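One structure is given below, encoded as structure tokens.
We number each residue from 1, following the sequence as shown. Quantities reported herein were computed from a predicted structural model and do not represent experimental measurements.
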Amino acid sequence: TYLYHLSAPCSPTLIILVLDDRITGRQTQLNIPVNGHLPLAPADHLPTPAATPALEAGQRSPHIWDYPARPAAQRLVFGPGLVTFSETRVFAAHQSVRIVEGSRVELVPGTSLIFHGPVHMIGSSSEPIVITSTTSKEAFGGLALRGPATAGSRFEHVRIERGSLVGDGKKQPIDGVIYPSFLNLYDTEDITISAAHFSQISSAEDVIHATYVKNLQLHEIDIERAPTDGVDLEFTDGDVRGLRIRGAGDDCLDLMGAQI
């Protein structure tokens, strides 16, 4: 018998558990009762908790070497000077990205950067990192940090202008995920953004949007003319200091289930 604990911010209407048997290659679907309602499938269609997988002649249990090896850690460094991205770039969880001080990062209109691993953009007061579009007439896309491997990422002394949102500015999904804001922080922890200036951001619902982030540090953030919300924090905890937002279309700071 296996016990599972499911936690969600709101009550689900249906839970479907798919059991993938790595030994026999079979799958079993369980429809789980919610709020006392019976499963949609009849009880006789569900396996008993004590069911034991049966191996046929020639089958064996999988070994660790049967699975693909994890890719080796990779460290990518960009800059100093001009760095140009001509298409959307998705960095994998094993890739650590560093953009050095004094770099000027230019993205073609609609182009975005998505990080599944740690990213460090650390400039200085005398040599900030600038992120902008390749043209003054059209905005580039957006930025996203998603997943536990991005923990510890830092943005310091950065100036970001003429961005919109991930997905060519039209809420198009990337790897099945829609990012509605300019800087999207999802399911991560220990993220620091300090001495950062955002301006001329268009189309995005929020300039900074964090969901399920632990220990988020927002220090000395300056946002000019947010299209909707300046900062939107959902189910996030951390510290916010020195936040300056001018000309927001809606809320300067929107909190939902956040502890700040």
Side-chain angles (χ1 to χ4, degrees), residues 78-86 88-89 97 99-115 119-145 153-171 179-185 191-210 213 216-233 236 238-255:
F78 297 94
L82 179 62
V83 179
T84 303
F85 290 94
S86 58
T88 292
R89 182 79 178 267
V97 177
I99 298 179
V100 303
E101 64 178 351
S103 299
R104 180 180 176 87
V105 180
E106 294 188 356
L107 293 92
V108 168
T111 296
S112 303
L113 299 178
I114 301 173
F115 304 92
V119 54
H120 293 83
M121 300 187 187
I122 303 178
S124 64
S125 57
S126 59
E127 293 187 283
I129 295 172
V130 177
I131 304 176
T132 186
S133 175
T134 55
T135 172
S136 60
K137 296 181 180 180
E138 296 182 74
F140 71 93
L143 308 175
L145 280 71
S153 296
R154 295 168 60 192
F155 294 74
E156 298 181 9
H157 291 286
V158 295
R159 299 182 62 87
I160 303 176
E161 59 187 20
R162 292 200 293 274
S164 56
L165 50 81
V166 177
D168 198 21
K170 300 175 183 178
K171 292 187 180 180
Y179 300 95
S181 304
F182 171 71
L183 176 55
N184 305 266
L185 311 171
I191 304 297
T192 298
I193 304 175
S194 66
H197 179 85
F198 299 84
S199 64
Q200 302 179 58
I201 305 299
S202 59
S203 302
E205 291 184 7
D206 318 296
V207 176
I208 300 175
H209 183 204
V213 179
L216 174 64
Q217 305 292 310
L218 298 181
H219 299 159
E220 305 303 322
I221 308 295
D222 192 6
I223 298 176
E224 293 185 14
R225 295 188 298 277
T228 309
D229 293 346
V231 176
D232 188 350
L233 307 181
T236 293
D239 183 54
V240 177
R241 290 186 281 120
L243 179 63
R244 297 178 295 274
I245 302 176
R246 301 184 297 276
D250 196 358
D251 299 328
C252 290
L253 178 60
D254 187 356
L255 304 176

*N-O pairing of Glu161 and Arg159 below 4.0 Å*: no
*Distance, nearest 0.5 Å, that separates OG1 of Thr134 from CG of Leu107*: 8.0 Å
*Check whether any side-chain heavy atom of Phe78 lies under 4.5 Å from a side-chain heavy atom of Val105, and answer yes or no.*
no
_Rounded to the nearest 0.5 Å, what separates atom CZ in Phe140 from atom OG1 in Thr88?_
11.0 Å
_side-chain contact (heavy atoms from CB on, under 4.5 Å) between Ile193 and Leu185, worked out_ = CA-CA 11 Å; Ile193 304 175; Leu185 311 171; 4.2 Å; yes
*asked:* Which heavy atom of Asn184 sits nearest to which heavy atom of Phe182, and what is that distance?
replied: ND2-O, 3.4 Å
_Donor-acceptor check, side chain of Ser133 to backbone of Ala139, threshold 3.5 angstrom: yes or no?_
no
*asked:* I'd like to know if the side chain of Asp229 reaches the main chain of Asp251, judged simply by a donor and an acceptor atom lying under 3.5 Å from each other, with no hydrogens or angles considered.
replied: yes
*Modelled atom types, side-chain donor and acceptor of Arg154 and His120, under 3.5 Å*: no
_Residue pair Ser153 / Val119: nearest heavy atoms and the distance that separates them_ = OG-N, 3.0 Å
*At their closest point, which heavy atom of Cys252 faces which heavy atom of Ile245, and how far apart are they?*
O-CD1, 2.9 Å
*How about Ser164 and Ser202: do any of their side-chain heavy atoms sit closer than 4.5 Å?*
yes
_Donor-acceptor pair, distance only, cut-off 3.5 Å: does the side chain of Asp239 make one with the backbone of Leu216?_
no
*Is a side-chain donor-acceptor pair under 3.5 Å present for Glu205 with Thr228?*
no
*State, to 0.1 Å, how close Thr111 and Phe85 come at their nearest heavy-atom pair, and which atoms those are.*
CG2-O, 3.9 Å
_Flag side-chain contact, heavy atom, 4.5 Å: Ile223 against Val231_ = yes
_Ser124 side chain to Glu127 backbone, donor-acceptor under 3.5 Å_ = yes
*Test side-chain contact (heavy atoms from CB on, under 4.5 Å) on Val213 and Leu145 and set out the steps.*
CA-CA 11 Å; Val213 179; Leu145 280 71; over 6 Å; no
*Does the pair Glu220/Arg244 count as a salt bridge with the N-to-O cut at 4.0 Å?*
yes
*asked:* Just to verify, which of Leu143, Leu243, Ile221, Asp232 counts as forming a side chain to side chain contact (heavy atoms under 4.5 Å, CB included) with Ile208?
replied: Ile221
*Are the side chains of Gln200 and Glu224 in touch, meaning some heavy atoms are under 4.5 Å apart?*
no
*Would Asp222 and Arg246 satisfy side-chain contact (heavy atoms from CB on, under 4.5 Å), going step by step from the backbone distance to the final call?*
CA-CA 8 Å; Asp222 192 6; Arg246 301 184 297 276; 2.9 Å; yes
*Positive for side chain to side chain contact (heavy atoms under 4.5 Å, CB included) with Ile131, one of Arg104, Met121, Glu106*: Met121
*Taking all non-hydrogen atoms of both residues, which atom of Asp206 and which atom of Ser181 are closest, and how far apart?*
OD2-OG, 2.9 Å
_Ser194 side-chain N/O to His219 backbone N/O, donor-acceptor pair under 3.5 Å_ = no
_pair Ser112-Leu165: side-chain heavy atoms closer than 4.5 Å_ = no
_Set out, in order, the CA-CA distance, both residues' side-chain angles and the distance that settles side-chain contact (heavy atoms from CB on, under 4.5 Å) for Ile99 and Val83, then state yes or no._
CA-CA 9 Å; Ile99 298 179; Val83 179; 5.7 Å; no
*Can you see which heavy atom on Ile129 is nearest to which on Glu101, and at what distance?*
CG1-CA, 4.1 Å
_Just verifying a value: how many Å separate Leu183 CG and Ile201 CD1, rounded to the nearest 0.5 Å?_
9.5 Å
